Amino acid sequence: MFVVDNLERQAHPAGAPMWVNPRATYAWCDFRDAPLPNMPTRFDAIVHLAAATGTGQSMYEGALYTRANAELTAYLADLIVAQRLEANRVVFASSRAVYGEGTRECTACGRVRPRVRTRDAASAGDWDPPCPGCGSATTWVPTRETDEARPLSVYGATKSFGEAVLGLLTHHSTPVLSMRFFNLYGPRQTPANPYVGVASTFASLVLAGKPLTIFEDGLVLRDFLHVSDAVDAVCRALDRPVPLKGPMNIGSGRAITLLELARTIADESGASIDALGYTINGATRAGDLRACIADSTLARRELAWAAHTSLRAGVKSLLDWVRGTSMTDPSGALAELERFGLLMGRS
Ligand SMILES: NC(=O)c1ccc[n+]([C@@H]2O[C@H](COP(=O)([O-])OP(=O)(O)OC[C@H]3O[C@@H](n4cnc5c(N)ncnc54)[C@H](O)[C@@H]3O)[C@@H](O)[C@H]2O)c1
Ligand SMILES: [Zn+2]
């Protein structure tokens, strides 16, 4: 196995991790320097995970995210098309961010793809997007791969571009599977990076005995997937005798509110969220969405895959990990969004 990783500072503030795989060869450099002198040029599979991953940060660092994600992925496609790299299959780490807002149901119009939520709606505390057809109230339903991609963030747009550009490789006989991971959390996600997922941020704050800030009315819904379940999905995709192509949702299918997540993290740490204190801030971030939950029927059918880790067990493993790291206060990320006028709502 050959791994290329440039140890991007935000993801690896302490440099190379201690858990490197002794059976793999590592090149600690930018993938855009590939192919490297010691790098094989033929692979059974290429798993493309490298990216800049902060959705909120991508809204004010758009050029950086475009270079880090869109350009990088186009570069991988170039290498394959020009036959400087050969692979029997490619697995691309895409994201639920390609969908933007998750699919919803209107009693009159059926399944609908909502419009972007406006500053006016945020100021009025109207968090659930209405039906784009008749304006009625809607409820969330699981989002399917066939639902239209409508990214709401630069990060989501770069993943959508990545899927499109790698999808073209099919014309060159390289099957590409774009795994749309939902909200991943778990050990080894650096809590020092203030732009990683909300579960790591909450865990760092709870363990530091600090109060939490929860967006909107606390009832934002996310589909949290433990990293071990995501890795299992990738391994199944690699082991499958016939490679798959196209997009595939990889999510738990469980809808968890951010308030419930915060409570679970506090409970599992032995603290009480009420004693720590928390603010439901009545604000949302530009590019953020109300609810997006996976329909993973395709992964179940094609990979015999399902998410096995319960939220409690997953949170416990996250807390064990964060306890063993040197924690940093992640609240700087919120201050940056405020500075760039990217918080919308009543606060
Ligand atoms: N964490 C999530 O919730 C989530 C959800 C959906 C999709 N994803 C995607 O899954 C993948 C892995 O995510 P993660 O959470 O492990 O993120 P991560 O930041 O821990 O990992 C990304 C890795 O890419 C490396 N990297 C970045 N640019 C590079 C470059 N130019 N050359 C070489 N290496 C480079 C970084 O050093 C880092 O090790 C990413 O593509 C991410 O967009 C993550
Ligand atoms: Zn309607």
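Here the structure is a predicted model, which is why all the values come from computation and not from measurement. Numbering of ligands and ligand atoms starts at 1, following listing order.
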Report the nearest protein non-hydrogen atom to [atom]: residue, atom name, distance rounded to 0.1 Å.
atom                    : result
atom 36 (C) of ligand 1 : Asp5 OD1, 3.4 Å
atom 2 (C) of ligand 1  : Leu184 CB, 3.6 Å
atom 19 (O) of ligand 1 : Ala11 CB, 3.5 Å
atom 11 (C) of ligand 1 : Leu49 O, 3.2 Å

Checklist entry - Among Val227, Val198, Asn6, whose heavy atom sits nearest atom 28 (N) of ligand 1? => result Asn6

Answer side chain, backbone, both or neither: which part of [X] comes under 4.0 Å from ligand 1, heavy atoms only.
X      : value
Phe182 : backbone
Arg96  : neither
Gln189 : side chain
Leu72  : side chain
Ser94  : backbone
His12  : side chain
Lys159 : side chain

Item to check | Trp140-Trp127 aromatic ring centre distance below 6.0 Å | outcome: no

Residue [X] vicinity, atoms of ligand 1 by number, heavy atom under 4.0 Å:
X     : answer
Ala93 : 9 (C), 10 (O), 11 (C), 41 (O)
Ser95 : 6 (C), 7 (C)
Leu7  : 37 (O)
Glu8  : 36 (C), 37 (O)
Cys29 : 33 (C)
Ala50 : 24 (O), 26 (N), 29 (C), 34 (N), 35 (C)
Thr53 : 17 (O), 40 (C), 42 (C), 43 (O)
Arg32 : 31 (N)

Item to check | Opening angle between SG in Cys134 and SG in Cys109, taken at the Zn ion (ligand 2), to 10 degrees | outcome: 110°

May I ask you to decide if [Y]'s main-chain N or O and [X]'s side chain share a donor-acceptor pair within less than 3.5 Å?
X      : Y      : value
Tyr65  : Ala157 : no
Arg89  : Leu238 : yes
Arg115 : Pro132 : yes

Next on the checklist: As a test of understanding, state which of Lys316, Arg263, Arg312 forms a side-chain hydrogen bond (donor to acceptor under 3.5 Å, both in side chains) with Glu268.
Outcome noted: Arg312

Checklist entry - Is Phe224 reachable from Leu221 through a run of hydrophobic residues whose side-chain heavy atoms are each under 4.5 Å from the next? => result no

Checking side-chain polar atoms at under 3.5 Å, does [X] have a donor or acceptor matched by the opposite partner on [Y]?
X      : Y      : result
Thr309 : Asp229 : yes
Tyr99  : Arg113 : no
Asp295 : Thr297 : yes
Tyr155 : Gln57  : no
Thr41  : Arg84  : no
Asn183 : Arg96  : yes
Thr139 : Glu105 : no
Thr73  : His48  : yes

Any protein heavy atom nearer than 4.0 Å to [atom]:
atom                    : answer
atom 31 (N) of ligand 1 : yes
atom 21 (O) of ligand 1 : no
atom 17 (O) of ligand 1 : yes

Checklist entry - Taking N or O atoms only and a 3.5 Å limit, does Tyr155 qualify as a polar contact for ligand 1? => result yes

Checklist entry - Taking both backbone and side-chain atoms of His48, is any N or O found less than 3.5 Å from an N or O belonging to ligand 1? => result no

Checklist entry - Parallel under 30°, tilted from 30 to 60°, perpendicular over 60°: which one fits the rings of His226 and Tyr185? => result perpendicular

